[in-house]
Every structure is written in structure tokens, then in C-alpha cells.
Amino acid sequence: MSVTSYKKLLFSTEYIPLLAIIAVAAFLRFYNLSGTSLSNDELSAISRLRFDNFNDLIWKGVAIDGHPAGVQVFLYFFTKIAGFNDFLLRAPFAWWGLFTVIVCFAWCKLWFGKWPAYFTASSVAFLQFPIFYSQLARPYSPGLLFCMLILYHFTRLIINKNQERRWLYWLRYIAFSVLCCYVHYFSFMFAMLVALSGFFILPKSEKRSHIIACIVIALLCLPHLPVYTAQMQIGGLMWLGKPGLDFLPRYLFYVANQSWLVVAAALILILLSVIYTSRKKYFNRFHAFGLYLFLLTFIIGFLKSYFGKPVLQFSVLIFVFPLLPALLFSRMGKLKVSEAVKYAILGIWCTVLLFSHIIEKKYYSTEQYAQFKPLAVAIKNWNNTYGHNNIQYAVNIYNPKYIQYYLQDADDTASIKLYRCNNSILLDSLFHIIQQSNTLFFGYGWSNIQNPPQAEEIIRLKYGDTKAQSLHFDSGIKLYEKTRKDLIPRLVLKDSANKNLLEIPYIPALKNALLRVEAEVTLTEISPEIDIVASIHSGENITYWSANPVNSYFEGEQKKARIVWITKLPDATAPDETLKIYFWNRSTAGLHVSNYAAQLY
């Protein structure tokens, strides 16, 4: 958009509704911007910024991640100027999200006219989906802005009315396409899909310029090729799983704030635009263009995730999200009602979106993701109240740097003895920490990670009372007070006969027992069909059965491993019950077990 366009935007009464939308959108994006904790993804990015040179940043901070270098490089230089302040880190991304509202209005007005542009801009401004990703220091906000800027300038080239400025549109189109390449791979795909469409939708007079532009874009993206190649070795996001056939309906409901009120309001508007409009031609080239961009982005992501390594999640479709309201409300300008009624309908739509966002969904008082800052605040407060020498901590998170970002005091970080506790080996590390701990209190926190229930059971063996807690979305921290001096097993079992079987009557005295099994296992080949099993038998009936796969303890080509498994057993319910602990080998692999023992606490 030119300076003249911005002046027209500011001083024309036609744009007063847009200015109101922008003002409210700014408030929604900047309000409480630093009030919540940085997310797991943001802290991951920050943890990969602390390098002394640019080369290390690229190969140790970008190549090991799944995103292009653009945002990481921006944060690297930005934090050297602004420092590590939550508000300042997120502010540029909020601004980019705000500018997106303006750009969406601009290209949608070129496509369908003023009124569809109003409804599109208000949807981007007030729906929770774009607001949320405007408040994160991640690639989504800048990527969305650059995609929309591509759309605006490419549309100018399609219309081809201003021959004097066409060179400027081409330069900007090239620049924003290259930026999309360096921000996110789905925004880069958006740029490629737009470029591909140019061979069919651009006027003949622009075809030569288009070919030159594509070559320039490709050349400017080449420097990122080595990083892209390194990242492709990592693969997709296997924790996502394959998308189901219900992915698209679930996505559409998600972007509607998961609110039936918003869905109903949108359907009413669509119905009005179909019934109370002229019967003139409805489908034009921009409808086809918008459907092409949205559907092909979704289909490519779906097929890649279904037949290959998963990459498709709701967040990556944000780059094509504004196309949805633009297409759905494309006939709102053709309603056979007065301008005043149209303004009233727009006001109702905005009111519904704001009501859903602020009141129905309680966006600003509801945690949207796992927290880290409140955990650090709790650690600081408890250390100040009870003394850091009287408390030891374990936190279950993906990276120690995520909590250390909020813990600047060396005494606070020194009291944390374990930073990961999400598998059997690490649970045993927690067990030994508890066993050796002499402090009066023990704190345990977790965030955005599998948190096995055995962790709390282990802690309660010695620290039975909960003194305080701070619980949050997919995260929390608890402070336990010591109730036992020593951690002594009720019963110890050893496989002295080398039968790979430990067996004992499961008497009521073992009520609420915590079972800890250890052994050294040697396999001729690694197989997922070998489990360590604990079962309780009553006559011919099995009243309890639990298993843990042995292959989870082996890494790479390793054939020998130490197995430690901790699990909670149920209450004894019958006098004739028997506890059996054994290795169940359903494979053809050879299995040898030594130093096999179990303790019940």
C-alpha cells in the first residue's frame, strides 16, 4: 500500500469502521501481552539464541529445529538491542498481527469490494485464532502478514490497472515471497502456490516479468538450502500422529472460537448473502483463486502427514485462514439493504466475535498453554518463605533452560536436582533423590510434558503431606512436607533360582504398595514384543495386570541394558491373591536376565 493509500485510509469517512476495527484489534493483541508465561515453543527459540557468532546460531540454533532461519535470526539481533523482556519480545509479533488486519482489508476489497473486506478484517481482528498467534514470538504472525502482502501485490498485478507502478508491485511481491521462504515452510508453500498460479491467472503482458520474478525468488532462497537439507533429516512432528478425515471440520470449528454462537452467526450471514442478493454471477476468478490456495495448502499438508511424517496441525493453516471469511462473506456487499443496515449487521458480527472472545471463552483469564513463569514464581516464594536450604526440587520439562529463564537467582536453580522425569530410568533417578534427601520439604513441578503419576507416588513415600501447590493448564508445581525419615522397603524379592519370575502372596499388609523392579537384560535382538509384567492372580483369575516394554530401555545398537520399572500396585482385595513379576517374551529374540530383584514400598 502506498503513502497515498494510507492517507486515504485515515481521512476518508468510508474507512472509519476499519479504523475502529484496527483500534480494538490493537487492544486485543497488546492487552496482557506479557502477563502470561512464554510458551514452550517461545522458550525453545530463546534457548537457541545464546551464541557468540552467527555461524553457531545457524547450525546449532536453527538447523536442529523445524523452522526456517528468519524469525530466529530476527530474535538473535533484536534481543541484542531490546534484551530478554517478555513484552518487548512479543511486541513486534503483535504489531505484525495488527498490520495483517489492514492488509486483509486491502486485498479483500480488491477481490470482492468494501463490505466483504470489512467482514474479513473484523474476523481476522477479533477471532481467537489470529489473536492468539499474534501474541506469540513465533513465525505465525510475520508469516501471515507476508502471505497477505503477497496476495495484495499479486492481486494488483492481476488487475493490472496501474502500469506506472507495476515495477514496484513486482519488487514488493518478490521481497515478500522471499521473506515467506525464510519464515515458515507453510508460508513458503503459500508463496510457491501463488507463483504457480501466475502462469494461469496473470495477464499475458505480465508473463515475462513473472518468469523473471520466479527465478529471482528461487536464487534469493538458495542460501537457505543447506539449512533446509539439514532440517529435513529431522523429519516431521511424530507426536502429532496422522490427521483423520475429521481434521478439516475440527479446524473450521476451532477457528470459529469453538463456539456454536459464532458458527450460528456466520451461517446466518452466509444465508442472508445468498437469499437477499441479486441473482447475478456469483463465482468469479478470485473465488477460484482463494479456493485453490486454501484447499491445496490443506491437501498437500494432509497427504504429507497421512502418508509421510506428520506436519499438519491447526497452526500451520493460519497462513491461508483469512481466505475463509473472504470467501464466505464475499457477497455481503450485494445485500439488498441500505448502507445503514449493512453497518448494523457489521456491528452485530463484531459484537458476537468480541463477546465470544472475551466473555464466552474468557480468553484473558484462561491459560491457553502450559505455563513456566508461575512455576518459577512458586519456587522463589517458597524459597523465601521456608529457606532454599530446606527445599529440594525436581521439575519435569523438556529443557532446563525453560525454567531457568525465569530463575535468575543461583540459589533457586541450585535447589533443582532433576529436570526430566518422564520415563522409567528418570523415575528411578527421582526415587534415589527422594531416598537420599534430608530436606524438610520437596517440590515437584511439570510443564508441557508427559507427567507419570508414579512421580508423585515416589515423592509421597517420604514426603506425604502437600504443603502448597500452584496448578495450571498442563503444568503445575507442588510442595510436599516430609513425614518419614527414611525410605525402607516393606519387602525385598530376589530371583535366586534364575527363573525370571518373582512370586509372593499379595497380602493386605502390602496395601498401596509401590513396586520397584530392577534387572540387567541382554537381548540377541531388540523387539517390541518383550515386556516386564506385574500381575496379581486370584485363583485362575487375573485381578491386575501392568506391563512396560523392554525395548524402551535400549538405545541404538545396544544389546544390554539396566532395567528399572516403578509402578503403583492396587490394594489387596482377596486373601488368596498372588503377585507375580516376570518377563514376557513373545518374540524369537533371545533373552537373558541377571541381578533380577524387586522391592515393595
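Below, all heavy atoms of this structure are taken into account, side chains as well, without hydrogens, waters or symmetry copies.
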For the residue pair [X] and [Y], categorise the inter-ring angle as parallel (less than 30°), tilted (30 to 60°) or perpendicular (more than 60°).
X	Y	answer
Phe289	Trp111	tilted
Tyr343	Tyr118	tilted
His224	Tyr185	perpendicular
Trp170	His210	tilted
Phe129	Phe321	perpendicular
Phe302	Phe298	tilted
Phe93	Trp96	perpendicular
Phe146	Phe176	parallel

(request) Among Ile46, Leu89, Leu88, find the residue that satisfies the side-chain contact (heavy atoms from CB on, under 4.5 Å) test when tested with Thr79. (result)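 The residue from Ile46, Leu89, Leu88 that satisfies side-chain contact (heavy atoms from CB on, under 4.5 Å) with Thr79 turns out to be Leu89.
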
(message) Quiz question: by atom type and distance under 3.5 Å, do the side chains of Tyr405 and Asn399 form a donor-acceptor pair?
(response)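 Asn399 and Tyr405 do not have a side-chain donor-acceptor pair below 3.5 Å.
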
Ignoring hydrogens and geometry, is there a side-chain-to-backbone donor-acceptor pair from [X] to [Y] under 3.5 Å?
X	Y	value
Ser187	Cys180	yes
Thr155	Leu151	yes
Tyr140	Phe132	no
Ser141	Gly97	yes
Gln135	Arg29	yes
Ser330	Leu327	yes
Ser356	Leu353	no
Gln231	Asp65	yes
Gln371	Tyr369	yes
Glu42	Ser39	yes

Is the shortest heavy-atom distance from the side chain of [X] to the side chain of [Y] under 4.5 Å?
X	Y	answer
Leu317	Phe247	yes
Leu136	Arg90	yes
Tyr402	Ser447	no
Tyr406	Val377	no
Val227	Ile58	yes
Ile397	Ser475	no
Phe154	Ser177	no
Gln72	Leu49	yes

Report, as yes or no, whether the 6.0 Å neighbourhood of atom [atom1] on [X] holds more than 12 heavy atoms from other residues, nucleotides or ligands.
X	atom1	answer
Tyr228	OH	no
Lys60	NZ	no
Lys342	NZ	yes
Phe314	CZ	yes
Leu245	CG	no
Tyr306	OH	no

(request) Please say whether the positively charged group of Lys109, taken as NZ for Lys or CZ for Arg, lies over the ring of Phe105, i.e. under 6.0 angstrom from the six-membered ring centre and within 45 degrees of the axis. (result)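 No, cation not above the ring by the 6.0 Å, 45° rule.
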
(request) Determine, stepwise, if the pair Arg48 / Ile64 fulfils side chain to side chain contact (heavy atoms under 4.5 Å, CB included). (result) CA-CA 9 Å; Arg48 292 179 280 107; Ile64 62 171; 3.8 Å; yes

(request) List the steps, then state whether side-chain hydrogen bond (donor to acceptor under 3.5 Å, both in side chains) holds for Ser315 with Arg138. (result) CA-CA 11 Å; Ser315 59; Arg138 299 305 297 131; over 6 Å; no

(request) Could you grab the distance from atom CZ of Phe190 to atom CD1 of Ile318, nearest 0.5 Å is fine? (result)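 Phe190 CZ to Ile318 CD1: 12.5 Å, rounded to 0.5 Å.
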
(request) Kindly indicate, with the supporting measurements, whether the criterion side chain to side chain contact (heavy atoms under 4.5 Å, CB included) is fulfilled by Tyr254 and Arg250. (result) CA-CA 6 Å; Tyr254 174 76; Arg250 287 191 299 108; over 6 Å; no

(message) Checking Trp349 against Ser123 for the side chain to side chain contact (heavy atoms under 4.5 Å, CB included) test, could you report, in this order, the C-alpha distance in whole Å, the side-chain angles of both residues, the deciding distance, and whether it holds?
(response) CA-CA 9 Å; Trp349 172 244; Ser123 300; 3.3 Å; yes

